[in-house]
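Here the structure is a predicted model, which is why all the values come from computation and not from measurement. For ligands, and for the atoms within them, numbers begin at 1 and follow the listed sequence.
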Amino acid sequence: MQDLIRQLLAELGEDPTREGLLNTPKRVEKALKFLTGGYDANIDEVLNGALFTVDYSEMVIVKDIDFYSLCEHHLLPFFGKCHVAYIPTNKVIGLSKIPRLVDVFSRRLQVQERLTNQIADVVRDAVKPMGVAVVMEATHLCMSMRGVEKQNSFAVTSAMHGAFRDNARTRMEFLELIKLRSAVPGIRESAGYACVGDE
Ligand SMILES: [Zn+2]
């Protein structure tokens with residue numbers, strides 16, 4: 001990877017041998033490996049021992065989870081907050097595991113819509129709840145830094161399954177609890193517009 005990064009620096013018009021850039025290929029490789037470390041993660045291992053049988057059927061919400069990802073179209077960061085909710089049937093997942101799952105899927109090359117769906121799907125498949133909902137709000141540097149469609153550089157995406165899809169009151173309760181009231185009328189399955197069809 002370091003040779004490629006030296007080549008990239010030269011293509012950008014830089015001198016990869018100048019002092020400030022000498023260790024850059026090594027640093028970039030290390031950073032990229034960390035930022036895409038989600039490919040190596042094993043979901044079963046992450047979830048291992050974190051599922052508990054309980055008699056609890058109220059909504060569980062973990063909100064304001066910070067996440068950082070890289071858009072697959074430009075390899076530039078997008079980042080923001082993720083909110084995850086589910087209604088257990090007889091199983092819950094350790095609360096600290098939810099941010100860990102968000103990290104696993106964020107540390108890959110992503111589009112926000114797929115990232116949102118992947119988090120919802122893994123909770124649905126692991127916990128088998130009555131419903132699961134994921135909302136992600138993010139700023140995309142590929143839009144804000146390049147000055148295109150600045151008004152859309154903040155994107156909201158959602159994935160709703162089960163009770164959150166079928167029951168408007170459940171969905172509203174969740175959206176109110178994560179304080180997205182202003183976005184309620186517009187929020188829908190895959191309501192994102194980040195990066196789509198963009199050069
Ligand atoms: Zn992008």
Side-chain angles (χ1 to χ4, degrees), residues 1-14 16 20-21 24-41 43 46 62-85 98-124 132-161 175 178-180 182-199:
M1 205 186 287
Q2 293 182 33
D3 282 339
L4 288 171
I5 294 156
R6 262 185 291 274
Q7 209 178 320
L8 176 67
L9 288 168
E11 289 286 339
L12 291 172
E14 266 291 356
L21 292 177
T24 296
K26 200 193 294 178
R27 291 192 202 98
V28 172
E29 179 180 38
K30 198 176 166 200
L32 283 176
K33 284 192 168 161
F34 176 79
L35 297 174
T36 58
Y39 289 115
D40 298 328
I43 293 295
V46 172
V62 183
K63 65 176 199 168
D64 295 328
I65 303 165
D66 289 315
F67 76 92
Y68 298 87
S69 192
L70 289 173
C71 98
E72 68 183 18
H73 298 144
H74 303 95
L75 304 189
L76 286 172
F78 68 97
F79 55 92
K81 301 279 186 194
C82 176
H83 317 285
V84 178
I98 290 180
R100 176 79 186 106
L101 288 174
V102 173
D103 275 347
V104 164
F105 291 108
S106 297
R107 288 183 190 153
R108 298 177 182 187
L109 303 184
Q110 284 286 11
V111 294
Q112 189 177 328
E113 295 87 338
R114 186 175 65 227
L115 174 58
T116 308
N117 283 331
Q118 286 176 336
I119 296 164
D121 288 353
V122 77
V123 174
R124 180 192 60 193
V132 55
V134 176
V135 168
M136 303 189 89
E137 315 165 72
T139 298
H140 290 248
L141 291 190
C142 61
M143 292 193 159
S144 42
M145 280 184 87
R146 298 186 312 143
V148 290
E149 297 182 55
K150 268 197 165 58
Q151 69 278 14
N152 280 344
S153 66
F154 188 80
V156 180
T157 50
S158 69
M160 307 274 173
H161 294 300
L175 294 173
I178 63 169
K179 294 194 170 67
L180 261 180
S182 62
V184 167
I187 203 157
R188 234 171 261 122
E189 174 88 352
S190 300
Y193 1 75
C195 276
V196 176
D198 189 4
E199 281 301 297

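- The N, O or S atom of His74 lying closest to the Zn ion (ligand 1) is ND1.
- Centred on the Zn ion (ligand 1), the angle running from Cys71 (SG) to Cys142 (SG) is recorded as 120°, rounding to 10°.
- Within the 4.5 Å cutoff, no side-chain heavy atoms of Lys30 are placed close to those of Lys26.
- For a distance bound of 2.8 Å, the N, O or S atoms of His73 include none lying that close to the Zn ion (ligand 1).
- Annotation: side chain of Arg108 is not in contact with side chain of Glu72 (no heavy-atom distance under 4.5 Å).
- A 6.0 Å sphere centred on OH of Tyr39 holds more than 12 heavy atoms belonging to other residues, nucleotides or ligands.
- Checking side-chain atoms of Gln112 against main-chain N and O of Met136 turns up a donor-acceptor pair under 3.5 Å.
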